[in-house]
Novice: 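Can you read through this structure? Questions will come right after.
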Amino acid sequence: MAEISIREAINKTLHQEMARDQSVIVIGEDVASKHSGGVYGVTLGLSDKFGSERVIDTPITESAIIGAAGGAALTGLRPVAELMFIDFLGVCLDQLMNQIAKFRYMFGGNVITPVTIRTMIGAGAGTGPQHSQILYPLLVSIPGIKVVAPSNAYDAKGLLTQAIRDDDPVVFCEHKAIYDELAEVPDEEFVIPFGEARKVCEGNDVTIVAFSRMVLFAEQAAKKLSSEGISVEVIDPRTLSPLDDKSIIESVKKTGKLLIVDEANPYCSMASEVSSVVAEKAFYALKAPIRKITSPHTPVPASPTLEAFYVPSVSQIEDLARELSNY
Amino acid sequence: MAEISIREAINKTLHQEMARDQSVIVIGEDVASKHSGGVYGVTLGLSDKFGSERVIDTPITESAIIGAAGGAALTGLRPVAELMFIDFLGVCLDQLMNQIAKFRYMFGGNVITPVTIRTMIGAGAGTGPQHSQILYPLLVSIPGIKVVAPSNAYDAKGLLTQAIRDDDPVVFCEHKAIYDELAEVPDEEFVIPFGEARKVCEGNDVTIVAFSRMVLFAEQAAKKLSSEGISVEVIDPRTLSPLDDKSIIESVKKTGKLLIVDEANPYCSMASEVSSVVAEKAFYALKAPIRKITSPHTPVPASPTLEAFYVPSVSQIEDLARELSNY
Amino acid sequence: MLENSELYKAYRDMKLIREFEERIRAEYQQGKLPGFIHMYRAQEAIAVAMCMNLTDQDYIASTHRGHGHCIAKGCTVEDMLLELCCKDEGICRGKGGSMHIADMSKGMLGANAIVGAGPPIAAGAALTAKTLKNGCVSVAFIGDGASDQGTVAEALNLAVVLNLPMIFMYENNYYAEFTKNPKPDGRIAERAGAFGMPSVCIDGSDFFAVYDAAKSAVERGRNGGGPTAIEAIVPRYYGHFEGDAQHYRERDEVKSSRAMSDPIKIFLQDPRSEGLSKNEIENMDNEISELIETGLEKAYSATEPSYEQLFTDVYVDYKGH
Amino acid sequence: MLENSELYKAYRDMKLIREFEERIRAEYQQGKLPGFIHMYRAQEAIAVAMCMNLTDQDYIASTHRGHGHCIAKGCTVEDMLLELCCKDEGICRGKGGSMHIADMSKGMLGANAIVGAGPPIAAGAALTAKTLKNGCVSVAFIGDGASDQGTVAEALNLAVVLNLPMIFMYENNYYAEFTKNPKPDGRIAERAGAFGMPSVCIDGSDFFAVYDAAKSAVERGRNGGGPTAIEAIVPRYYGHFEGDAQHYRERDEVKSSRAMSDPIKIFLQDPRSEGLSKNEIENMDNEISELIETGLEKAYSATEPSYEQLFTDVYVDYKGH
Ligand SMILES: Cc1ncc(C[n+]2csc(CCOP(=O)(O)OP(=O)(O)O)c2C)c(N)n1
Ligand SMILES: Cc1ncc(C[n+]2csc(CCOP(=O)(O)OP(=O)(O)O)c2C)c(N)n1
Ligand SMILES: [Mg+2]
Ligand SMILES: [Mg+2]
C-alpha cells in the first residue's frame, strides 16, 4: 500500500465518489481551477475528469454556495461544497445552522439533506486572525449537523467517503497544517462509521483526548513520555458530532486521569464538552482534576512568533500529562 | 421604588443613556416604529424623544446593521444595535466574529469598539425552530466579545448601562419569555460591573448555576426544595463572558455538589463550560458527579406541546438537585 | 388564452387561500393557534398565477408569509391545518408550524422564518434541475423587505452565472413589518435586472398580468434561457402578523388599498373570465368552506405529538438526545 | 485643474506603492516575510486618485489587497514594513500583518481578509460622519469578486436608504483568485446604480479619470448628496497572491495587459503632467528607494512581540488568557 498525504487522500476520495455516484457534485470558489485545484490543491484534476457541470466554480458568495448545496441536496443531488476557510462561516452560517441543519427536523422527517461541506481549519500557517480559526465547537453545538475532523490520511479517506454517502449534513474539517502528513491508505473504497473513536496508542496512566492536528502532538508527547515510563492512552474521536463518549469514558475508567487537547479557543469548546461528559459520567473513576489544553481566549495573531505561542505545544502536553501521572 | 418589568427597565435605560451621551445611537429593524417600538415594544418612545437621526430604522440587512454599528463605533459613536432575534446571527456573524470582536486585537490595541448588540433569545413563546434559539455559547467562545444575559429587571438596567458605557463590544441577551417579570429598579443611573455573579439564594447542600430564564426556574426549585429541608445555593453569573469563576468555585467548595442549568443545546454549551471549570479547579471539593440540565440536542419544535418538553423544567431541576443532595 | 377549466382552477385556488386565511385568522384571534401567523390576503393572484405555470416536479421556496404559496403549489388544506395546529399528523409532524410548512411531494421546499433565506435554496433546486436536465424550474418568492438581504443578491448572481432555470418572484407589498419600504415601484426588478437577467414589474393584483409574466419566465427557464425576475406590486391588507394593530399606517391608506385591489374581484371582473358561471363558482365556494371546516375539525381533534417525537428526525440514523 | 504640487504628490504616491510592493515581493520570494501578500501593482492610480480627494479625517475601508490603499491614505512605509514583518513596533503590533493594517490617525479602518466585509464598516463610518455632521466622507474599496458578496449589496442599500456620505470604489481587475470574472465592463457600476445611487465606470489605469470621478463623488458626499459608486477597470498584473503561478491565465493576456496599462507611465505621458520636471521625479525616485530601504532595515532589526503580547488588547479592561 502506498503512503499518501491527507491532501491526496481527500483528492482521491473525491475522484472515487464522483465516479461512483453521478449525483455527487463539487461546488465552491476556485474548486474547478485548472492546474491548481483551489488554494491548497485539494480538488486538483476533478474538473478535467468530471467537467464543469459537476465541478462548479462559483462567485465569492458563501451563502449562495452553502444554500444552493442545501437546496440541491433536498432535491436529489449529493453536493460536496467547499467553504474555503472555516473562518468564512460568518458570512453563511444561516444557511447551515437555520436551514440545512434543521430541514429534516422542521419538515417532520420527510427529507434528507446529504450535503458535505469541506472546509479548512486551524492555525500554524501564518494566515492571521481571519484565516486560522478552528470554530468547530460552534458547529458541534448545532443539532442536525455532523462534524468530522480527520488527523491522518487513512481516516480522511474513510470519513470523507462516509460523509459523502451520509444522508445528513456533514462538515468535514481539514487542518491546513497537516495536509502533507503521510499514511498508508488502501486504493479501494472504504468507510469509517461516524461516532467511533480511534485509539491512537494504548496506555494505563493518563488518557489524552485530542482533536485534528492535536492528535499528532499528543502522539508525539505520548512517545516521549513512554520513554520516561509514563504510559499514555491517546484517543482521537475523529467525529466531534456524534462524539464517541463510550470510548473516552472507558479509557478514563482505566487511567483515572484525563487531559483534553483542543486547538479551539477555550470557552464552550470540545475540551469543555469532553470534560463535562466525563465529570458527569465517569466521575468516580477520576483520580485527579480534569485538565485541558487549548489555545488562549485571544484571536489568532498574524505574527509567527505569537502564533507559535498561541497553538498548544507538544511540550505543554508532556508537562500536563506528566503532572497528571504523578497524582 | 417602583416595580417595573425587564422590558421597561431596558427601555428606560436606553432613554437614560441616550439622554446622557449624544454619541449613543440606536439602530435596527423597526426600532423607530411609532406606537410599537419593535416587535416586543422594547424601544417604544425612543424615536419620538431622540429623532430619526439617532434612532435609526434600517432595511432587513443584519450584516449591514452590525457592520455599520462596528464602523460607527470605530469612529466615535456608541451604537446600540438591535439584532431582533439571536437566531439571525447566521446572516451577520462575520461582522461580529471576524470584525467587531477582533478589531482591537488585530489593530494592535489602537482602537476601541463600543458596540452594544441587544438581541432576543430563548424558547417558550411558540416561535419555532428559527426564532427560539439561545446561541450565546457560540458568542462566549469568541474572544473579544462580552456576553450578558440578565434574569431580572434590576440586573437588566445595571448591566445594559454598563454595556453601553463599556469600550468593548457587548452582546446583551434578552429572554423573550421573561420580558414581563417585575422587580424593583431605582430610577437613578447605576452600573453592574461585568464578571460579578449574583448569589440568588444561599444554601449549603447543592449549588445550582443557572443562566437567563433558567435562573427563575432554579429559584423556584430552590424554594420548593427548601421546604423539604434541602438547602440550595443558586448562582446567576449574569455575564457569560467574562464568567465569574470565583463565585462558582467558592460555592462548590461549600456544597460539594454542582448542577448547571442552561437552556442552550447541550454540546459546547455554558453548562459544559462551567462543568469543565469546576472539574479542573474545584475537583477536590466535589462530592458527586457534576450534573447538567440543558435542552436536548434537537432544534426547537414549533409545537407548544413539544416545546414544553424541550425547555428544561422546574421539576427536572428539583429532581436532579434532590438526587445530588442525597449523595 | 386560458381555458375555462384553468380559470376555474385559478378562481378556486385564490378563493381557497382567501377563505383558509380568513378562517384561521378568526381561530387565531380566539387563541386557538400557536406561534406567529402572517396573512397572505390581497396577494393571492401572485401565488396562484405563478404556480399554475408549474408542475409538482417544479420547485418553490417560500417565505414567512407562506400559506398562499403552499396552497397554490398543491399542499392540501387538511395537511396544512394539521400543521398549523402542530399536530402529530401535520405535514411536518408539528415541528415546523406555519412558518416551516414544506411538502416535497409537491416541490414545496418550505416556508421560511429567516427573511431572504429561500432564494439560495431555490437556486440549489434549480441547480439540480440543470444538472439532471429534467426541464424543471425553481421559483423563489421574495418580499420587498427580503429583497434587501445580501443572500438574495447572492442568489441572483449565482443564478445568472450558472444560468439556472429559476424565477425570482418578488411580492412588493411596500412594508417590512412596521417599516414602510422607501423603494420606488420597479426598483426591485431593476436591481435584479442589473445582475444580468430579464426583469419586469407588474400589477400583482391582476391575475392575468402575473400569469403572463410567469408563463414567459417559466418557459425561458425550461428552455435553458436562465433566470428571470418579476416584481409584483400589491397592497398589504392586514398587519404584518396577526395581532399587529398597524398604528404606523394611515387608516385611509389601508382602506383605499383594500378597496382598490382585491385580486379575486379584479379577476372576476376581467373580460377574460366572462365564461365562468355563477353557479359553478357558488358550488366551488361551498366546497371550499366544507374543505376548510372538515380540515379544521380534523386538525383540532388530531393527537398531539408525543414526547418521543421531540428527539426524532434530528438525524437520519440516530436520535437527538 | 490639478496644481503641479498635487501632480508631484500623485506621482510620488503611485511610485511609492509600486516600489514598496516590488521590494517586499522580492523579500517575500526569499521567504523573509510571513503570511499571504497580495500585490496592488497596476491598480496604483485608483488608490492614489481617490485618496488625494480625502483628508486624514475621512475614512477608508480596504481589502486583502490593501498596501496601495494604506500608502495612499498616508500610512507610513516604515509603520507598514514593521507590520508586514509582524514586529512589536508594527502599526498593529504584529498581530494584524499585511491583511489587517489599520491606522486610525489616518482614517484607515483596516485592510480585511474577509472579502466584502469592508463596505458595511465603511457605511458605519459614514454614519458617524452624518450623525456628527462633520463633513467627512467614507470610502469602501471593493474588488470585482467582492462585489458579489451579499454584504456589499446590503451596504449599498443602507447607504442609499440613510443617504450616507459614502463612495463605493470598485476595482475591477477581472479576477477573483484563480477564477475569471464573467461580468461585462460596467456591470458592477450598473448594479450599484440600480440600488439608487449615481454610478460610473472608468479606466482605472488613468489617474485623471479616477481623480475626476472621485472628486465629484467626494463633493457629492460632503454636500449631503449621498453615496456614489465608481467602477474602475484595471488589469491584474501579478498572481492573486505571491506564489500564484497563474497557470489559469494565457501568457499573452498577462503580457499584453501589462504592457498596455501601466498607470504611472500613462500618468507621465498625459499632457496634463507636462509640467513635471524629470529632475524632480528622479529625486523623488531616489527618496522613495531610500525610504523603503531604511524602513526595511528598521523592520528587520526590530524586536519580535513578546509572549505577553499574545494576551493584550483582546479587551480594553482585561486580558485574554
Ligand atoms: C433575517 C431576518 N431578519 C429579520 C426578520 C424579522 N422579520 C420577519 S418578516 C419581516 C419583514 C419582511 O418583509 P417583506 O420581505 O417585505 O415580507 P412581507 O412581510 O411584507 O410579506 C421581518 C423584518 C427575519 N425573520 N429574518
Ligand atoms: C468571505 C471570503 N470568501 C473567500 C475568500 C477568499 N478570497 C480571498 S481574495 C479572493 C478573491 C477576491 O477577488 P476580488 O474581490 O476581485 O479582489 P482581487 O483579489 O482581485 O483584488 C478570495 C475568493 C475570502 N477571503 N473571504
Ligand atoms: Mg413586504
Ligand atoms: Mg478582482
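Both backbone and side-chain heavy atoms feed into the values below; hydrogens, waters and symmetry mates do not. To find a chain, count down the sequence lines: A is the first, B the second, and so on, and within it residues start at 1.
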Novice: Run the salt-bridge test on B/K199 and B/D244 with the 4.0 Å N-O cut-off and return the result as yes or no.
Specialist: no
Novice: Quick check on B/F103 against chain D: is it the side chain, the backbone, both or neither that has a heavy atom closer than 4.5 Å?
Specialist: side chain
Novice: So among B/L83, B/V42, B/I164, which one has a side chain to side chain contact (heavy atoms under 4.5 Å, CB included) with B/R118?
Specialist: B/V42
Novice: I'd like to know if B/D167 pairs up with B/R78 as an ion pair, taking the criterion as any Lys NZ or Arg NE/NH1/NH2 lying under 4.0 Å from an Asp or Glu carboxylate oxygen.
Specialist: yes
Novice: Quick test of your reading of the model: are B/D57 and B/K34 salt-bridged, counting only N-O distances below 4.0 Å?
Specialist: no
Novice: For each of D/N157, D/N112, D/I101, tally heavy-atom pairs with chain B at distances under 4.5 Å, and name the one with the top tally.
Specialist: D/N112
Novice: Got a salt bridge between D/D317 and B/K146, using NZ or NE/NH1/NH2 to carboxylate O under 4.0 Å?
Specialist: yes
Novice: Please determine, among D/L158, D/L127, D/I114, the option with the most heavy-atom pairs under 4.5 Å with chain B.
Specialist: D/I114
Novice: Has D/Y300 got more than 12 heavy atoms of other residues, nucleotides or ligands less than 6.0 Å from its OH?
Specialist: yes
Novice: Kindly state whether the ring of B/H131 and the ring of B/F85 have centres lying under 6.0 angstrom apart.
Specialist: yes
Novice: Non-hydrogen atoms of chain B under 4.5 Å away: do they reach the side chain of D/L156, the backbone, both or neither?
Specialist: neither
Novice: Under a 4.5 Å heavy-atom cut-off, does chain D meet the side chain of B/Q22, its backbone, both or neither?
Specialist: neither
Novice: Examine the side chains of D/Q309 and D/T312 and answer whether a donor and an acceptor come within less than 3.5 Å of each other.
Specialist: yes
Novice: Where does B/D94 contact chain D at under 4.5 Å (heavy atoms): side chain, backbone, both or neither?
Specialist: side chain
Novice: For B/I25, which atoms come within 4.5 Å of any heavy atom of chain D: side chain, backbone, both, or neither?
Specialist: side chain
Novice: D/T131, D/D103, D/V152, D/T151: which one forms the most heavy-atom pairs within less than 4.5 Å of chain B?
Specialist: D/T131
Novice: Side chain from CB out, backbone as N, CA, C, O: work out which of these in B/N98 comes under 4.5 Å of a heavy atom of chain D, or both, or neither.
Specialist: side chain
Novice: If you count heavy-atom pairs within less than 4.5 Å of chain B, which of D/A102, D/A117, D/P120 leads?
Specialist: D/P120
Novice: Quick check on B/K102 against chain D: is it the side chain, the backbone, both or neither that has a heavy atom closer than 4.5 Å?
Specialist: neither
Novice: For each of B/G144, B/S23, B/A73, tally heavy-atom pairs with chain D at distances under 4.5 Å, and name the one with the top tally.
Specialist: B/G144
Novice: Between B/E17 and B/R20, is there a side-chain N and carboxylate O pair less than 4.0 Å apart?
Specialist: yes
Novice: Is B/I100 close to chain D through its backbone or its side chain, or both, or neither, when contacts mean heavy atoms under 4.5 Å?
Specialist: neither
Novice: Examine whether an atom of B/P79 lies under 4.5 Å from a heavy atom of chain D, and if so say whether it belongs to the side chain, the backbone or both; otherwise answer neither.
Specialist: neither
Novice: Would you mind checking which part of D/V316 comes under 4.5 Å of any heavy atom in chain B, side chain (CB onward), backbone (N, CA, C, O), both or neither?
Specialist: both
Novice: Is the number of heavy atoms from other residues, nucleotides or ligands under 6.0 Å of B/K246 NZ greater than 12?
Specialist: no
